[in-house]
Every structure is written in structure tokens, then in C-alpha cells.
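First comes the structure, then the notes that go with it.
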Amino acid sequence: MTSANPPVPPAGLTLANLTLNKEGTYFTLVLVISILFWIAIAVSIIGLFYAAFFAFFLWLGNGLLVAHLRSEAVRVDERQLPQLHASFREVCQQLGVAQPPALYVLQAGGLLNAFAVRFSGRNFVVVYSDFLEALGADSSEMKFILGHELGHIKSRHILKHIFLGPGLFFPLIGPAYRRVWESSCDRYGAFAAQDVDGSVRAMMTLCGGREHGPKLNAESFAGQHAEERGFFVSLHELTSTYPTLSRRVTDLLSLKTGARVAGPDRNPLAYVLAAFIPGGNLGGSGGGVASAMIMVVIIGLMAAMAIPAFQKVRQSAQQKACMNNERMLAAAFDQYQLENDHAPKSLQELIGPKKYIHTAPVCPLGGHYEIPAGATSGEEIACSSHGTMADMLQAAQHPRR
Ligand SMILES: [Zn+2]
Ligand SMILES: [Zn+2]
């Protein structure tokens, strides 16, 4: 893929300003939310246990993904796909990455994508084989994509993805932070490629496919972003972890002149609704597995904390009801003993019409009440599920867990 005109380098980009300033602001916000969440987890001991449990599965899943890459994907080096290897070296040098991560090409059934992963302190960049075929191994387009993924690695986004998980899940703020990641990384990509048009063509391939994508009118596609400003487009943008493709093309095109593009207005109602939608992955493909897993972890943690608390409340309510029954039976027992000078032999003597208690009390757990043989006090009456009043008081003071 060659263009007739000489490449236009991105205006105003230097290695120092590739990361957008607002990334730092959002980082602080998301960090505070995450720390509060982790403190809440640590305070509830059971939460800590579940966190360790889910961290284990996260680690296991990540390890298996990397194992899949190592054994099923093609590792790029001097002998394997040397052109792609050379492009990658060039991009690493341009972005000041001294230790290039491992690069793999993976066959993914026609998907056009690339992603970065990290496992046990090592980074990996993966390009899907159809994307490689669509863009070419030594094109500006490919350098843009490789630069974008290296941007994620240089900015430690994958590490942040794990520790800032709770904050990334937070409505409005989490997705906004993720969108800034992608915007910053598009700048890394454009800087790595030193070719704005090539970067735009890579993006247009993502939009329109390998056949027609590069030939599409990028300016017209970028215009969609300014024209379509309805409620649902606004809601889609606010809940998405990627800037919309037309927004990304708009931003890339602005690098031709370096003129800043102000974000167009969104429907204010969309903010209200988006405040109730957690930061999922409604609008992107890369990192979907990781964010889905984090979602599972968080829902699991919330359930893990809520379910025992709920059960405890239910149990103590049932116990209280049973204890009230026993108190009533005990009073009847004592009254009987007072009036008859001997203890009742069975509850039948206490319960019934014109007796001490009209109808038999029911234990909420289905236990039945009995007077033990030789009982001399109403306090000895026991429930087959809960025991005596003394048993219940002791259980309440020394919970079994
Ligand atoms: Zn990305
Ligand atoms: Zn009971």
C-alpha cells in the first residue's frame, strides 16, 4: 500500500507529549475509587479471601492465553516474518522502547485486530494474521498499529487494568479513562508511523474492511462524528471504552495541521443514564476478555459480601422468632407448675383451647418443641432445630464462623 504523496508526519507530536494530559487526571480519579474499593475488600476478611480466589483465576486465564500465544501463534523474529520484525524494531526505536516485547502473529478467523498482553512481568504484542495481510508488513499502517500497542505497554495500561479494575468499572469515569488511553495510544501510533495518512488508512481498514476500507473517504467518515449527536450516540460514547471510530479518525486527521478538535456536545440526558451503566466493554473489541473477567470478579465479590450478610440477617430473625416461641412456652410451663404443683409431662397439657396457649407455636425452621423428661423449669423446653433458649444465646455470642 503506497501513496503517491510523501508521508505527512503528525504535527506537534513529540515523544514527551504523546500521552494526553487528561490521562493523568483520570488516573488520579480512578485510583482513588479503586483504593476505596480495595480498602472495603480488605476490611471485610471474607472479601479478601474472594479477591485472592478471583485473582488466582485471573492469573490462570492470563497464563493460558500467553501459553496459547507461545505455542500456537507465530513468533516474529529475524528469520520469521523478517519484514514485520524490521517494522517492529523501527517502531520500538522511534518510541524509545529499549527492550522490545515479543511480537506474535495469530490466526483469528478473519478478525482485524491487534492487542497487547502482560504475564509474569513480560509484555507481548499480538497482531491477527488477517490484519497483517490487510495492512502489509512494512507499511505505515502496520507501524501505526504496532505503535498503538506499544503505547499501551509504555503507559503500563495492562498493569493498570488489573489494579484499577474497580475504578475502571465505575460509571462515566472508568470508560472515560479507557477512552483517553486509546486516544493517547493513537498518538503513539501516528508518531511511530510518522505518516498521518497511513495511520488514517489503518483506522479506515478497521471501519470498512481490508477491501474497501483504505479507499473510503476518511474526511466524510470523520464528519459522522460531528453530525450524529443524538441521545443514543451520546449514550454509546459515554458507556464505550473506546472512542468511536469516527472520533478516532477525526483526531488522527487533526494531526495533519496540529489544530485541536474540541469534543462536540453530548445529549445531557445521556450523562444521567450513563451514570447508572458500569464501565463494561460495550463499544470495543480489544481487552474485552480482560474487562469481562474483571466484571465477573467484581460481581462475584459483591455477591460474596452480600450473601453471607443476608444469610446472617435471616438466620438471626428465625432464631429470634423461635426464641419468642420458647419464651411463651416457658411462661406457660411455669404457670402450669404453679397451678398444678407438678411439671407438665408434655406440651399437649399446655396447648389447646381453654389451655395456656391456644394454638401451637411454629418454628420458622420447622423444628418441633419438646419438654425433656424430668424437666423442672420452662427454660428447659427445646426446639429440635434451635435447642433451648440458652443454646441460642450462646450461639449468638459465639457464631460458628
Ligand atoms: Zn488500544
Ligand atoms: Zn426453632
Side-chain angles (χ1 to χ4, degrees), residues 18-20 23 91 95 101 111-118 123-128 131 141-161 168 175-193 199 202-203 205-207 240-245 247-249 251-252 279 281 283-291 314-330 347 360-372 379-396:
L18 295 179
T19 299
L20 290 162
E23 202 177 314
V91 166
L95 293 178
L111 286 177
L112 302 181
N113 209 352
F115 65 93
V117 281
R118 185 186 167 87
N123 294 305
F124 303 81
V125 174
V126 182
V127 176
Y128 289 164
F131 210 24
E141 287 88 322
M142 181 50 75
K143 285 172 194 161
F144 167 79
I145 295 300
L146 294 173
H148 177 104
E149 298 309 330
L150 277 171
H152 281 306
I153 288 173
K154 270 201 88 172
S155 311
R156 299 178 184 278
H157 288 160
I158 303 143
L159 212 59
K160 286 172 182 163
H161 211 244
L168 293 175
Y177 182 39
R178 297 274 304 272
R179 291 196 297 275
V180 181
W181 283 4
E182 300 305 330
S183 298
S184 291
C185 287
D186 280 349
R187 290 160 67 88
Y188 276 90
F191 184 75
S199 306
M203 198 60 74
T205 304
L206 278 176
C207 312
S240 175
T241 55
Y242 276 72
T244 60
L245 286 168
R247 170 76 210 217
R248 292 172 76 182
V249 172
D251 287 344
L252 283 177
N281 218 59
S285 43
V289 176
S291 70
R314 214 167 86 114
Q315 257 174 18
S316 79
Q318 288 172 333
Q319 214 169 57
K320 212 168 270 174
C322 184
M323 192 126 90
N324 281 335
N325 290 345
E326 287 190 354
R327 201 167 282 142
M328 185 166 67
L329 291 168
L347 287 173
V362 179
C363 166
L365 262 188
H368 48 91
Y369 300 101
E370 228 159 320
I371 301 174
E379 288 186 8
E380 289 174 52
I381 293 173
C383 164
S384 60
S385 299
H386 290 104
T388 64
M389 283 193 274
D391 291 339
M392 279 188 253
L393 285 172
Q394 202 178 5

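Every number for a ligand or one of its atoms is a count from 1 in the order of the listing. It should be emphasised that the depicted structure is a prediction, and the values quoted were computed from it without experimental measurement.
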- Item | H386 and Q318 side chains, donor-acceptor separation under 3.5 Å |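 H386 and Q318 do not have a side-chain donor-acceptor pair below 3.5 Å.
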- side-chain contact (heavy atoms from CB on, under 4.5 Å) with Y242: which of R247, R248, R179?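 Option passing the side-chain contact (heavy atoms from CB on, under 4.5 Å) with Y242: R248.
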Output yes if [X] passes the N/O/S-under-2.8 Å test against the Zn ion (ligand 1); output no otherwise.
X    : answer
C185 : no
H157 : no
E149 : no

- Task: Quick one: sort the F144 and H148 rings into parallel, tilted or perpendicular, breaks at 30° and 60°.
- Result: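 Ring orientation of F144 relative to H148: tilted.
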- Is the W181 ring parallel, tilted or perpendicular to the H161 ring (thresholds 30°, 60°)?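 W181 vs H161 ring planes: tilted.
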- Restricting to N/O/S, name the atom of E182 that gets closest to the Zn ion (ligand 1).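 The E182 atom nearest to the Zn ion (ligand 1), restricting to N, O or S, is OE1.
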- Message: For E380, is the CD atom crowded, meaning more than 12 foreign heavy atoms sit under 6.0 Å from it?
- Response: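 Atom CD in E380 is crowded, with more than 12 foreign heavy atoms closer than 6.0 Å.
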- Query: To the nearest 10 degrees, how large is the angle at the Zn ion (ligand 2) between C363 SG and H386 ND1?
  - Reply: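 Value, to the nearest 10 degrees: 110°.
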- Item | With the Zn ion (ligand 1) as the apex, the NE2/NE2 angle for H152 and H148 - to 10° |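 Centred on the Zn ion (ligand 1), the NE2/NE2 angle is 100° (to 10°).
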